[in-house]
> 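Here you go, one structure.
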Amino acid sequence: MPAALRLTALLAALLAAGCDADRPASTAHSPAATSPPSRSTGAPAAPPPDADRSYAYPAADRVVAIGDVHGDLAATRTALRIAGAIDGADRWIGGKLVLVQTGDEIDRGDDEQEIVDLFDRLAVEARAAGGAVYALNGNHEVMNVQLDFRYVTEGGFKDFEDVPGLDASGPRLAPVPPPARARAAAFAPGGVYARKLAARDVIIAVGDTVFTHGGVLPAHTRYGISRINREVRAWMEGKSPSAPAVIAAEDSPVWARLYSSEPPPSPGSPPCAALDQTLAAMSAKRMVVGHTVQKHGATSACGDKIWRIDVGMAAHYGGKPAALEIVGDTVRVLTAESTKAAEATEATESTKAAKATSAAKPKK
């Protein structure tokens, strides 16, 4: 067994009492993957609108969403450049662009600390330029705060040993194997990186588009979207003793796969009916999710009301970076190829315009 797996298995055994017992070990057979919420959830046929809309942000002229990047800094940078968000020095050039990253920045790769810090810095730079960056929490962010390190690489354990202000000597970490203590100290509720994640939401809406990692279901709107964000934040900050049940459940917003099946659900199907209920309750037109790799690139379903943007761009999966652009009611997938083609067209049109202007000038 590889060293990282041995360490993870030992850590899980030692900390089982301190982790949420209901966390999904696997979502491959999650009820949410194949059916809408059961009647046992108590979800009404048409959930009432969520009165507390602190999760909602104003519409923007241009919104771009990026899916799971899983510890791959090179893929992250490429996706951000495709989005028109950063320059070659990783500085914000997006102006008033609103950028949403739908979670799972961590696990499966070695560049996690730098990626989390990059999005935090870009959020500050974007705000100063009149734009915004909203990074969300996915199931892997939740798992790490639960000290569930099943998908951490060996480099991922070492990556957090240099975190400033890290206290890995506390008594609660005494049972943790030494190679994992730095990461555990960083991500345990109230830890340096747990607090960074606590500043992020699980679900947001920008204009008429909802963003989350796995999927928002009718039962979640009944429970309260802002309530979910508040409860997860309190737990990550160390102010609540355990992860809220709503985030640890198999059909939680970070684990749900109801809308991400293959073949894609069609209008009128149970998943699309659940989506329609959710969107109506949130006064939205569409939802954007990650979490489930789309092997052939970003896809839509339910009459383009759901967009699935986990393209497996991290090296672990071998996919190509991409992003989703929303301008008004126009939604399109951005790739390196499409961006280059657009730039070439723009350059050609600029050249033609320059030549036309030159030809129109009177000769002396």
> Run V254 and H291 through side-chain contact (heavy atoms from CB on, under 4.5 Å) and show every step you take.
CA-CA 8 Å; V254 300; H291 188 44; over 6 Å; no
> Decide whether T292 and D310 meet the rule of one side-chain donor and one side-chain acceptor closer than 3.5 Å.
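Absent: no donor and acceptor within the cut-off.
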> Hydrophobic clusters here meaning ILVMFWY residues chained together by side-chain heavy-atom distances under 4.5 Å, can you tell me if W255 and Y259 are in one?
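Cluster IDs for W255 and Y259 match.
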> Taking E231 first and then R227, would you say they form a salt bridge - that is, a charged N and a carboxylate O separated by under 4.0 Å?
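Looking at E231 and R227, the cut-off is met.
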> Is a salt bridge present between D107 and R150, judged by a nitrogen-to-oxygen distance below 4.0 Å?
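Looking at R150 together with D107, the answer is no, because their closest N to O distance does not fall below 4.0 Å.
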> Heavy-atom distance under 4.5 Å between the side chains of V289 and T212, does that happen here?
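A side-chain contact under 4.5 Å exists here.
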> Sequence neighbours left out, what passes salt bridge (Lys or Arg N to Asp or Glu O under 4.0 Å) with E141? Give chain and number order.
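For E141, no residue satisfies salt bridge (Lys or Arg N to Asp or Glu O under 4.0 Å) once neighbours in sequence are set aside.
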> Is the side chain of W235 donor-acceptor paired with the backbone N or O of G238 at a distance under 3.5 Å, no angle test?
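Pair absent, no side-chain N/O of W235 close to backbone of G238.
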> So does G190 get a backbone contact from the side chain of R195, meaning a donor-acceptor N/O pair under 3.5 Å?
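Confirmed, R195 side chain pairs with G190 backbone.
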> ring-ring contact (aromatic ring centres under 6.0 Å, His included) with Y134: which residues, sequence neighbours excluded?
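Expected list: Y57.
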> Do R183 and Y193 come within less than 4.5 Å of each other through their side chains, counting heavy atoms only?
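They are not in side-chain contact.
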> By side chain to side chain contact (heavy atoms under 4.5 Å, CB included), which residues pair with I93, not counting sequence neighbours?
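Checked I93 against side chain to side chain contact (heavy atoms under 4.5 Å, CB included); matches are D87.
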> Would you check if V216 and M287 make a side-chain contact, meaning some heavy-atom pair closer than 4.5 Å?
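Sidechains of M287 and V216: in contact.
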> How would you list, by chain and number, every residue that makes a side chain to side chain contact (heavy atoms under 4.5 Å, CB included) with D159, sequence neighbours excluded?
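Here the qualifying residues are E112, Q113.
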> Begin with the C-alpha distance, continue with both residues' side-chain angles, and end with the deciding distance and a verdict on side-chain contact (heavy atoms from CB on, under 4.5 Å) for L217 and H220.
CA-CA 5 Å; L217 307 181; H220 302 145; 3.6 Å; yes
> Measure from the side-chain N and O atoms of Q101 to the backbone N and O of G67, and report whether any donor-acceptor pair falls under 3.5 Å.
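Yes, Q101 side chain to G67 backbone: donor-acceptor pair under 3.5 Å.
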> State which residues pass side-chain hydrogen bond (donor to acceptor under 3.5 Å, both in side chains) with E114; sequence neighbours excluded, sorted by chain then number.
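With sequence neighbours excluded, E114 shows a side-chain hydrogen bond (donor to acceptor under 3.5 Å, both in side chains) to no residue whatsoever.
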> Are D52 and R230 close enough, and set up right, to give a salt bridge (charged side-chain N to carboxylate O under 4.0 Å, His left out), and what steps lead you there?
CA-CA 11 Å; D52 180 355; R230 286 196 305 270; 2.9 Å; yes
> Examine the side chains of T209 and R286 and answer whether a donor and an acceptor come within less than 3.5 Å of each other.
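Looking only at side-chain atoms, R286 and T209 do form a donor-acceptor pair, the distance falling under 3.5 Å.
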> Okay, side chain of T78, backbone of A74: is any donor-acceptor separation there less than 3.5 Å?
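Yes, because the side chain of T78 sits within donor-acceptor range (under 3.5 Å) of the backbone of A74.
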> Sequence neighbours left out, what passes side chain to side chain contact (heavy atoms under 4.5 Å, CB included) with A60? Give chain and number order.
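Side chain to side chain contact (heavy atoms under 4.5 Å, CB included) check on A60 returns V63, V98.
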> Mind checking salt bridge (Lys or Arg N to Asp or Glu O under 4.0 Å) for D120 and listing every partner two or more places apart, or none if nothing turns up?
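Partners of D120 by the salt bridge (Lys or Arg N to Asp or Glu O under 4.0 Å) criterion, ordered by chain and then number, come out as K196, R200.
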> For the hydrophobic clusters of this structure (ILVMFWY residues joined by side-chain heavy atoms under 4.5 Å, transitively), does one cluster hold both I309 and V202?
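Per the 4.5 Å side-chain linkage, I309 and V202 are not co-clustered.
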> Less than 4.5 Å apart, any side-chain heavy atom of V100 and any of I66?
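No, their side chains stay 4.5 Å or more apart.
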> Quick one: do the T221 and T278 side chains pair a donor with an acceptor below 3.5 Å?
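Their side chains do not contain a donor-acceptor pair, so the 3.5 Å distance test is not met.
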> Pairs of donor and acceptor atoms involving the side chains of residues 311-321, under 3.5 Å and at least two apart or interchain, shall be tabulated with distances.
unit_1, atom_1, unit_2, atom_2, d
H316, NE2, R108, NH1, 3.4
Y317, OH, R108, NE, 3.0

> Under the salt bridge (charged side-chain N to carboxylate O under 4.0 Å, His left out) criterion, do D329 and K285 qualify, and how do the steps go?
CA-CA 9 Å; D329 286 330; K285 289 183 178 180; 3.1 Å; yes
> Side chains of V333 and W307: does their closest heavy-atom pair fall under 4.5 Å?
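Yes; the side chains approach each other to less than 4.5 Å.
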> Just jot down the salt bridge (Lys or Arg N to Asp or Glu O under 4.0 Å) partners of E125, sequence neighbours excluded, or say none.
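Partners of E125 by the salt bridge (Lys or Arg N to Asp or Glu O under 4.0 Å) criterion, ordered by chain and then number, come out as R91, R121.
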> Under the side-chain contact (heavy atoms from CB on, under 4.5 Å) criterion, do H140 and Y151 qualify, and how do the steps go?
CA-CA 8 Å; H140 283 265; Y151 301 100; 3.5 Å; yes
> Quick one: does L324's side chain get under 4.5 Å of F211's, heavy atoms only?
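Side chain of L324 against side chain of F211, heavy atoms only: no contact under 4.5 Å found.
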> Please name all residues satisfying side chain to side chain contact (heavy atoms under 4.5 Å, CB included) with R62, sequence neighbours left out, ordered by chain then number.
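Testing R62 for side chain to side chain contact (heavy atoms under 4.5 Å, CB included), a comparison that skips the adjacent residues, returns V64, L97, E325, V327, L334.
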> So does D61 have more than 12 non-hydrogen atoms from other groups sitting under 6.0 Å from CG?
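No, not enclosed.
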> Determine, step by step, whether I204 and I225 satisfy the side-chain contact (heavy atoms from CB on, under 4.5 Å) criterion, reporting the C-alpha distance in whole Å, the side-chain angles of both residues, the deciding distance to 0.1 Å, and the verdict.
CA-CA 8 Å; I204 66 168; I225 303 303; over 6 Å; no
> Report the residues that fulfil side-chain hydrogen bond (donor to acceptor under 3.5 Å, both in side chains) with D104, sequence neighbours left out, ordered by chain and then residue number.
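D104: side-chain hydrogen bond (donor to acceptor under 3.5 Å, both in side chains) contacts with H70, H213.
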> With a 6.0 Å cut-off on the ring centroids, do F187 and F160 count as close?
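Yes: the rings meet the under 6.0 Å criterion.
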> Are I247 and V232 packed together at the side-chain level, in the sense that at least one heavy-atom pair is separated by less than 4.5 angstrom?
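When only atoms from C-beta onward are counted, V232 and I247 do touch, with a gap below 4.5 Å.
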> Can you sort out the partners of N229 under side-chain hydrogen bond (donor to acceptor under 3.5 Å, both in side chains), two or more places apart, ordered by chain and number?
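Testing N229 for side-chain hydrogen bond (donor to acceptor under 3.5 Å, both in side chains), a comparison that skips the adjacent residues, returns none.
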> Please examine the side chains of V210 and V288, heavy atoms only from C-beta on, and report whether any two atoms are closer than 4.5 Å.
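V288 does not reach V210 side chain to side chain.
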